[in-house]
Amino acid sequence: MATFMFIINPKKKIPVSILFGLYIHSFLEGLPVAEVMSQGHNSGSFLGFKDSMILGLTLHNIPIAIAFVTMLKQLQIAKNSAILYLILFSLMAPLGVLCNELMKQAGVANIDYIIQISLGIVVGIFLHISTTIMFESSNNHKYNFAKMASILLGSIVAYLIS
Ligand SMILES: [Zn+2]
């Protein structure tokens, strides 16, 4: 994978760990979507589990895409390479959905178990990313009121809508 990236752009390098983390995260969270899609009809609630799952995935990928492109720009990655990285990123979740379907058709046992583990990893990665952004993005790892207030607000909103 690393050599592949150097071929795309021999001068500017992108941290492979960030790229891998992002892609794996996106791929893994695509896995359970196939499961909800195959369950078909939504329940009677305002947004069924199927819709809210896909909506949630779509919405949370918007800020991720913005942050990803911002990072690529800061690293001065060539525009063509940046577009390629973004396209690859957008393919990861659908690939996860496809992978789940293929596993089902191949008759892989314990798919539910695999999904439980992948969801655990997805949530873990997400917690790591968010805490890194929230607590380690400023100098000296300072806490400030705006950050704490937004964390509190986010927690309250999450509690209210769940
Ligand atoms: Zn995610």
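All values below come from the heavy atoms of this structure, side chains included, with hydrogens, waters and symmetry mates left out. This is a predicted model, so every value here is computed, not measured. One-based numbering, in listed order, for ligands and for the atoms of each. When a residue number appears, it is its place in the shown sequence, counting from 1.
- With sequence neighbours excluded, the residues that form a side chain to side chain contact (heavy atoms under 4.5 Å, CB included) with V123 are L127.
- Residues V16 and L91 do not share a hydrophobic cluster, defined by chaining ILVMFWY side chains whose heavy atoms lie under 4.5 Å apart.
- In this view, L95 and F27 satisfy the side chain to side chain contact (heavy atoms under 4.5 Å, CB included) rule, not counting sequence neighbours.
- Of all protein N, O or S atoms, those under 2.8 Å from the Zn ion (ligand 1) number 4.
- The closest side-chain heavy-atom distance from L31 to V122 is not below 4.5 Å.
- Residues satisfying the side chain to side chain contact (heavy atoms under 4.5 Å, CB included) criterion with I62, sequence neighbours excluded, are L59, I66.
- The aromatic rings of F89 and F68 sit tilted, their planes meeting at an angle between 30° and 60°.
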